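Only one structure is covered here, and it is reproduced in the block below.
Values reported hereafter were calculated over all heavy atoms of this structure, with side chains retained and with hydrogens, waters and symmetry mates removed. So you know, we letter chains A, B, ... as the sequences are listed, proteins then strands, and number each from 1. This is a predicted model, so every value here is computed, not measured.
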Amino acid sequence: MNQQLSEQEKQRRSSLEALRNLGIDPYPAAEYPVSHYAQDVHERYQKSPDAGEWKEVSLSGRLMTKRIMGKASFADLMDSTARLQLYLNRDEICPGEDKTLYNDVFKKHLDIGDIIGVKGFIFTTRMGETTLQVSSLQVLSKSLRPLPVVKRDEEGHVYDAFTDPEQRYRMRYVDLLVNDHVKRTFEIRSQLFQAMRRFFDERGYLEVETPILQPIPGGAAARPFVTHHNALDMPLYLRIANELYLKRLIVGGYEGVYEFSKDFRNEGMDRSHSPEFTVMEIYVAYKDYFWMMDFTEQLSEQVARRITGGSPHFQVGENTLDFTAPYRRISMREAILEQTGYDIEGQSEEQIRQKARELDLEIDDSMGKGKLIDEIFGEKCEPHYIQPTFITDYPVEMSPLCKRHRKNPDYTERFELMVNGKEVANAYSELNDPLDQRARFEEQLRLSEKGDDEAMFIDQDFLRALEYGMPPTSGMGIGMDRLAMLFSGQSSIQEVLFFPQMRPEKQPEIPTPEQFAAAGVPPAWRQAALEVYGDVDALRSQKATQIHQKLNGYRKKKKLDLPALQLDEVEKWLQN
RNA sequence: GACUCAGUAGCUCAGCUGGUAGAGCAUCUCCCUUUUAAGGAGAGGGUCCAGGGUUCGAGCCCCUGCUGAGUCACCA
């Protein structure tokens, strides 16, 4: 038996053996047919307690608590839907003389966390709780590790919750089992995808998949992860965006395409940044960003209704967000004017820089006009837009893939949807002028040469595609993780990713008897040396006389069937 | 990347001025036939994150490292 096991783990392993010795397979292969789910029972039993279906039910799930009172016990069974209380009466489940199933199997060898199947009938206890009285019970899977026991009282107070974020993220399976709200978060996440997919599909747009391994990482300004393809003997990059591929498909003649894209960026991690994250991007031909605003507000309203169960209102902290379309639309210039009283229109880069200094923003000389404006907006305006609001017409320097504004070439036809003071969606009238696009890429190349390691690469094939002609197109992207955070009320991106990236755990090295061979210990004495000293170095640090006495003492105590150790033998070990 | 905080039993956490490592739940034994954060009696369970240092003596003080969290910086 492994020395590193905790007492409770050893206990469970011996229960496992005990079950086997009773002829019970702790991991049976056969299907366990189930007639009801726990939630079913709770929702329907009290309305028609006399219905025939309650006389014979079968459920399966995990044992979450045991409350034993002599010849009767209560337990909680948790299936994928809810918990249901079980009542076990010794003489009911063991009608004959043999009380083993109750006294040994249930009381001694079943632990919290074990997966079982039960059959019986539903009744209501004196305390008024819907309960299954068990007539037969089968072990479906024995759990060898103790589950954290989280208790909840009538007022909903939680005791001894499993809260350590590190453990919750590393062992999400445990987190999901004992923390009910965690499952809900991921259900919301799934509903967001479903609602969007339905919205797009109803309008005839095609869900597509584009390369994750890309020879040129394009479509965004970010540092990529690099990998290497052996057969081609060339570097490949994990995509930082899928935009340029989706536009190629619009060139190819699709009316509208969308993709839920897992993107990767080799940058810092924090509460709102994960190295892998999911973005929904959609591109629709013959549309502009005004059309896309209409489309986006309809989408948002539908998504909100899906999450709330029909209402366009959604509570986040102290704010009630109203997703009813249409939303307010305000240009970036107007937004800055509104929040700071400063009009950027017609101002030179130097004037704007001066204003940014007055506003106490952290800026440096490398920042161009666009970057300065963005800084002012991000610091002074963004947090104020709580209700869904479109911010439109961004400076051209910040948007190398976006069409210039039809009325003012210093700006672009771009909007972001702000909700609760944060960006939720980003959209353009897409740039389809191949010559302008080439010039913008070349500007990026100059930034790259100046040391900006996030400037975009020039994608020659993408330019070739544009040269064949792309219809006027509007595209829109939504960060799905951050949207999931918004709708699940989470403030950390790790809470909406099942398995957030973490440094690998260090596996403690478990000493084995074999390692004592290195210290010259003969096979017969290695187990004893392990028990006494724990590891080889501990043994080596001792004098021969001390080892001699300790090991012989151990031999006597454990009544080992070995000849007593001689001092000169031990001295020989240590000479090696 | 900087700073702050944290790491003690399966889980949640105490641990005083440096002086034999504690509680609740969980586990084990015994009692108990409608309980529900069940209860009663008893017991066991620890690499105090790791490695150095100071000290007669370190969970506690100092240094280094590891892991995580938070704040900031960076970041379409």
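The side-chain ring of A:Tyr159 is stacked on the base of B:rA37, judged by centre separation under 5.5 angstrom and plane angle under 30 degrees.
Applying the 4.0 Å criterion to OP1 and OP2 of B:rA26, one finds that A:Lys151 has a side-chain N or O inside that range. Dashed line: the shortest gap from a side-chain N or O of A:Arg503 to OP1 or OP2 of B:rU67 is under 4.0 Å.
Looking at heavy-atom distances under 4.0 Å, A:Ser399 makes no contact with the nucleic acid at all. A:Arg414 comes within 4.0 angstrom of a base, heavy atoms only.
Of the residues near RNA chain B, A:Lys71 and A:Glu416, the one whose nearest nucleotide (by heavy atom distance) lies more toward the 5' end is A:Lys71.
Figure legend. B:rU27 is base-paired to B:rA43; pairs are counted as Watson-Crick or G-U wobble with both atom distances under 3.5 Å.
Taking only side-chain atoms of A:Ala72, from C-beta outward, the nucleotide of B:rG24, B:rU29, B:rU33 with the closest atom is B:rU33. Comparing B:rA69, B:rU12, B:rA37 against the side chain of A:Tyr169 picks out B:rA69 as the nearest.
Whole-Å rounding puts the A:Leu5 CG to B:rA9 P distance at 17 Å.
Nucleotides B:rG10 and B:rG44 have their C1' atoms positioned 14 Å apart, rounded to a whole Å. Between B:rG53 and B:rA58, the distance separating the two C1' atoms is 11 Å to the nearest Å.
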